[in-house]
Each structure stands twice: as C-alpha cells, then as structure tokens.
Asker: 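Can you keep this structure in mind? I'll have questions shortly.
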Amino acid sequence: RLEASVAKAMGGRVHGRKVLSTVYNMAFEMMQDRGMRIEGECASEDQLMRRVDAGEPVLRAVGGKEGEETLVVMDSDDRTGVKFVRSLRESNPDSALCVVSVEGATPFTKKEMAGCEHIEFWQVNEMLFNPTRHALVPRHHAVPEKEVEALQEERCVRPDQWPSILVTDIIVRWYRFRKGTLVRIR
C-alpha cells in the first residue's frame, strides 16, 4: 500500500519500491551521521517491503551520546495517525522513534506528541537526499560541553547571545541536535 502511495505522491513518474529503497538508504546514512551503529538492517528490498507492510521497524540503530536505541518505521498510511504512534510507543517504550510517511504526521498527532523528545516525523520527500552532502551546505558539528564554557569565556558571550538556528532546520533535524546545543558551522 505504501509503495502505491509513494508512486502516486511522486506523480507516477517513479516506481514506489525504488523510492522506498532510497528512503531506507537515507535513513541508514542519517543514523550513521548521528554516530549510531546499525543493528537491524534489511538485507534485501523484499525484506524491506515485508517489514513496511507489517508495520515493523525497518532499521534499528544504537549509540549516540546517550547510548539510546532509535527505530526507523515507515508508516503505510499517507499520514501518520495518533493510534499508530501510540501503538509504537507502547510496544517500544525505551526507544526513540523516527517515523517516515508520505505526507508526515497529522496535526493532531503532532500536537499529541509535541512534548515527546523521543519521536520525530519525516516525509518521504525529505528523505530522498542527504542534505549534508549538498555542495552549498557547510559542515555542522555539535560543540562539546567542555569547549562551550571556554568559548563563552574567551568571547565574553552569555549562552543566550549566541546566534540561533531553528529546530525546523533540515540539518538540525538530520543530526537531531537538541535545543541549547551549540553548533559549529564551517
């Protein structure tokens, strides 16, 4: 079902299975860019499609700063509903979730999950390319806490005086920088 929705969303110009494979590869790269180790990967396109149809995670990544587990799930519905997200949260209470769907989450789902840091929603069209590989996008790195204090003293800057970057910025979402993280852009 998702395969047909993706093909329709792309104007029927491409095969849905190929797009889903690309989305899977970008999710794989995103987890690696976050410094996570991939453990539950799909060995073939058929296995990917079976997991998508069953509503199972297509990717399991472990690591990062807190050693957390992140599950990547592709929702077979066009828009991710609150029932789907609640069932995922209940079956995976200790895992962060990355949910990919054709049109993203419904407004009610976004509102319901607004206070939850451990869930993120992506649309298929946002996962067709790796934004960090674009020629015009500079490198972004989180500055370690030890360096932040030294930089503040060196430049006589309070934490609220640093330039800010929106939490909706694609690079902030890609690396999943937390609010308050100092990001060095080069």
Side-chain angles (χ1 to χ4, degrees), residues 2-3 6 16-77 80 84-85 87-105 109-110 113 116-134 137-145 165-186:
L2 179 60
E3 192 176 339
V6 167
R17 185 177 278 235
K18 177 120 175 108
V19 171
L20 291 177
S21 181
T22 301
V23 169
Y24 173 81
N25 290 333
M26 290 303 106
F28 193 96
E29 282 186 34
M30 181 169 65
M31 294 301 142
Q32 286 182 324
D33 287 349
R34 291 178 182 181
M36 302 184 91
R37 186 178 69 255
I38 309 300
E39 291 189 350
E41 60 184 290
C42 293
S44 67
E45 218 174 68
D46 290 330
Q47 184 183 18
L48 171 65
M49 296 313 298
R50 279 193 300 275
R51 286 185 183 178
V52 168
D53 291 339
E56 298 174 358
V58 295
L59 197 62
R60 181 175 172 266
V62 178
K65 291 179 184 173
E66 296 86 31
E68 70 178 15
E69 174 184 65
T70 300
L71 302 176
V72 177
V73 181
M74 293 185 190
D75 188 2
S76 59
D77 290 336
T80 303
F84 180 74
V85 175
S87 69
L88 284 173
R89 295 294 305 148
E90 288 172 8
S91 59
N92 305 290
D94 298 328
S95 301
L97 297 171
C98 177
V99 183
V100 182
S101 62
V102 174
E103 296 179 21
T109 305
K110 288 179 185 176
M113 299 298 155
C116 185
E117 281 186 21
H118 300 291
I119 188 159
E120 55 187 307
F121 298 103
W122 289 84
Q123 292 181 9
V124 167
N125 63 355
E126 295 173 316
M127 297 291 289
L128 293 177
F129 61 94
N130 183 338
T132 65
R133 306 276 189 269
H134 193 283
V137 176
R139 290 187 178 173
H140 292 64
H141 298 284
V143 177
E145 287 294 321
I165 187 169
L166 298 175
V167 295
T168 55
D169 185 278
I170 192 76
I171 298 296
V172 171
R173 292 179 61 214
W174 186 266
Y175 287 114
R176 201 169 185 204
F177 292 134
R178 304 273 193 249
K179 185 176 182 179
T181 301
L182 185 62
V183 178
R184 180 176 287 134
I185 301 174
R186 292 185 180 189

Asker: Starting at OG1 of T22, measure out to CG of L128 and round the result to the nearest 0.5 Å.
Answerer: 6.5 Å
Asker: Please identify each residue that fulfils salt bridge (Lys or Arg N to Asp or Glu O under 4.0 Å) with D46, with sequence neighbours left out.
Answerer: R17
Asker: Which residues satisfy the ring pair (Phe, Tyr, Trp, His ring centres under 6.0 Å) test with F177, sequence neighbours excluded?
Answerer: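 Once residues adjacent in sequence are excluded, the partners of F177 under the ring pair (Phe, Tyr, Trp, His ring centres under 6.0 Å) criterion are Y175.
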Asker: Under the salt bridge (Lys or Arg N to Asp or Glu O under 4.0 Å) rule, collect the residues that match up with R89, sequence neighbours excluded.
Answerer: none
Asker: Checking the side chain of R34 only, and the main-chain atoms of W174 only, is there a donor and an acceptor separated by less than 3.5 Å?
Answerer: yes
Asker: Tell me, please, which residues at least two apart from E29 pass salt bridge (Lys or Arg N to Asp or Glu O under 4.0 Å).
Answerer: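 Applying salt bridge (Lys or Arg N to Asp or Glu O under 4.0 Å) to E29 gives R133.
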Asker: Quick check against the 3.5 Å criterion: does Q47 have a side-chain atom that pairs as donor or acceptor with the backbone of A43?
Answerer: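 Flag set: sc Q47 to bb A43 pair under 3.5 Å.
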Asker: Return the set of residues passing side-chain hydrogen bond (donor to acceptor under 3.5 Å, both in side chains) with T70 (not counting sequence neighbours), or none when no residue passes.
Answerer: none
Asker: So V124 and V100, do their side chains get closer than 4.5 Å, heavy atoms only?
Answerer: yes
Asker: Side-chain donor-acceptor pair under 3.5 Å between S101 and T80, yes or no?
Answerer: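 Present: a donor and an acceptor within the cut-off.
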Asker: First locate atom CG of L48, then atom CD of E41, and finally report the distance between them rounded to the nearest 0.5 Å.
Answerer: 11.5 Å
Asker: Give a yes or no on whether the backbone of L59 and the side-chain of R51 come within a donor-acceptor separation of less than 3.5 Å.
Answerer: no
Asker: Is any side-chain heavy atom of R173 closer than 4.5 Å to a side-chain heavy atom of W122?
Answerer: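 R173 reaches W122 side chain to side chain.
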Asker: Under the salt bridge (Lys or Arg N to Asp or Glu O under 4.0 Å) rule, collect the residues that match up with E39, sequence neighbours excluded.
Answerer: R37, R60
